[in-house]
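Only one structure is covered here, and it is reproduced in the block below.
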Amino acid sequence: MPSRKLSDSLNPHHEFLDLKSFKELPDTHAWTSQLDGGDSDCGGGNPETIPIIDLNNDNATELIGHACKTWGVFQAINHKIPQNLLDDIELAGKGLFSLPMHQKLRAARVADGVSGYGVARISSFFSKLMWSEGFTIAGSPAEHARQLWPQDYHKFCNTVDEYKKAMNKLAGRLMWLMLGSLGISKGEVKWAGEFQGGCAALQLNSYPACPDPERAMGLAAHTDSTILTILHQSNTSGLQVLREGGTQWSTVPPQAGALVIHVGDLMHILSNGLYPSVVHRAVVNRSEERLSVAYLYGPPSSVKISPLPKLVDHFHPPLYRPITWTEYLGTKAKHFDKALTSVRLCAPRNGFVDNNDHNSVQVG
Ligand SMILES: O=C(O)CCC(=O)C(=O)O
Ligand SMILES: [Fe+2]
């Protein structure tokens with residue numbers, strides 16, 4: 001369970017341990033029974049796998065709707081993101097995380113800051129540290145990149161800019177496909193015009209090879225505070241999801257060229273609870289470093305997100321109050337896995353289960 005603030009109990013320098021230097025798992029990173037629930041891919045007998053959807057398929061909208069409702073996640077192929085751009089961002093991330101620690105610390109995220117190098121932000125809810133390091137880019141990466149590579153920071157910035165541009169276009173397309181699958185067209189959404197640019201952050205995650213992967217946690221179970229997330233995982237597996245209403249973890253197998261699409265908390269609100277935001281985590285392994293790049297897509301700050309009017313009626317009252325992305329991020333930072341519950345207006349009616357009440361999920 002999420003517990004006390006790490007900062008209350010641990011020397012802050014623990015946050016910057018060089019994980020690659022350990023031959024044994026340090027106690028600060030030793031989780032107990034985090035693999036509760038098992039993995040349905042490994043003998044759980046669940047015949048269903050996470051859907052892989054061809055965005056060129058004539059039935060893509062219906063397939064996306066079904067995937068969002070039952071899993072809250074799917075893999076997208078034929079998404080028009082060039083493979084060389086996916087390779088470039090992966091290389092840029094690998095280059096960053098392979099720098100010596102003292103160099104990475106020049107770009108460390110400052111207290112209460114968003115951008116920069118550091119441990120997972122959800123770390124503060126857990127008494128143990130995660131076996132990962134991250135780099136968050138909100139806005140321009142230039143200042144941090146200049147600190148990391150004083151002579152040669154343009155290459156990193158150009159790759160990030162190009163990646164963000166391509167992702168923004170895809171994220172917009174996916175958002176309208178998801179809303180389309182709920183029977184909602186652009187004309188019916190009053191903030192549609194404000195969504196030209198969208199808004200986003202890029203999260204690079206690195207999970208070094210781990211001497212005791214069964215007792216370590218790469219990134220603890222969480223949902224994303226986004227409308228949707230586009231995740232590019234390298235060819236090493238580690239991402240696991242909980243199927244809607246399920247208790248067993250399913251691995252999302254890396255598939256060359258495919259992008260993993262997560263339903264985020266704000267889409268859950270827009271859909272008035274119809275689409276669950278997927279609970280996911282990252283586990284680690286003994287031999288290979290793993291890299292992932294998450295494009296976290298949300299609304300511009302002027303937009304208040306609330307259940308779409310077409311999905312609200314006498315039998316389906318609005319489950320959530322209107323909220324901006326900034327406001328929601330503040331709520332999430334305070335309440336973590338209870339954030340959706342804390343903005344809920346009314347208890348779900350019988351048979352209308354709020355899939356995102358994760359209070360029972362074992363997260364540590
Ligand atoms: O590394 C992964 O597969 C998951 C990353 C993730 O969930 C995140 O950055 O929010
Ligand atoms: Fe995530």
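Counting starts at 1 for both ligands and their atoms, following the listed order. Positions are given from 1 along the sequence.
The only option from V284, L239, N205 that meets the side-chain contact (heavy atoms from CB on, under 4.5 Å) definition with R290 turns out to be L239.
Here E24 does not pair with R215 in a salt bridge; the nearest charged N to carboxylate O distance is not below 4.0 Å.
Taking 4.5 Å as the limit, some side-chain heavy atom of D224 sits within range of a side-chain heavy atom of H280. In this structure, P211 and W131 have side chains that are in contact, with non-hydrogen atoms separated by less than 4.5 Å.
Cluster partners of I77, using a side-chain heavy-atom cutoff of under 4.5 Å among ILVMFWY residues and allowing indirect links, are I52.
Looking at residues two or more places apart in sequence or on another chain, you find no ring pair (Phe, Tyr, Trp, His ring centres under 6.0 Å) involving W176.
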Below 3.5 Å only, please: the N or O atoms of ligand 1 paired with protein N or O atoms, distance on each line.
residue: ligand 1; atom: 1 (O); partner: Y207; partner atom: OH; Å: 2.6
residue: ligand 1; atom: 1 (O); partner: R290; partner atom: NH1; Å: 3.2
residue: ligand 1; atom: 1 (O); partner: S292; partner atom: OG; Å: 2.7
residue: ligand 1; atom: 3 (O); partner: R290; partner atom: NH1; Å: 3.3
residue: ligand 1; atom: 3 (O); partner: R290; partner atom: NH2; Å: 2.8
residue: ligand 1; atom: 7 (O); partner: H222; partner atom: NE2; Å: 3.2
residue: ligand 1; atom: 7 (O); partner: H280; partner atom: NE2; Å: 3.0
residue: ligand 1; atom: 9 (O); partner: N205; partner atom: ND2; Å: 3.0
residue: ligand 1; atom: 10 (O); partner: H222; partner atom: NE2; Å: 3.2
residue: ligand 1; atom: 10 (O); partner: D224; partner atom: OD1; Å: 3.3

*Working for ring pair (Phe, Tyr, Trp, His ring centres under 6.0 Å), residues F74 and H66*: CA-CA 10 Å; F74 61 93; H66 184 69; over 10 Å; no
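Take a cut-off of 2.8 Å around the Fe ion (ligand 2): the protein N, O or S atoms inside it are H222 NE2, D224 OD1, H280 NE2.
In this structure, H29 and F22 have tilted ring planes: the angle between them lies in the 30° to 60° band. In this pair, F156 and W149 present their aromatic rings tilted. The plane angle is within the 30 to 60° band.
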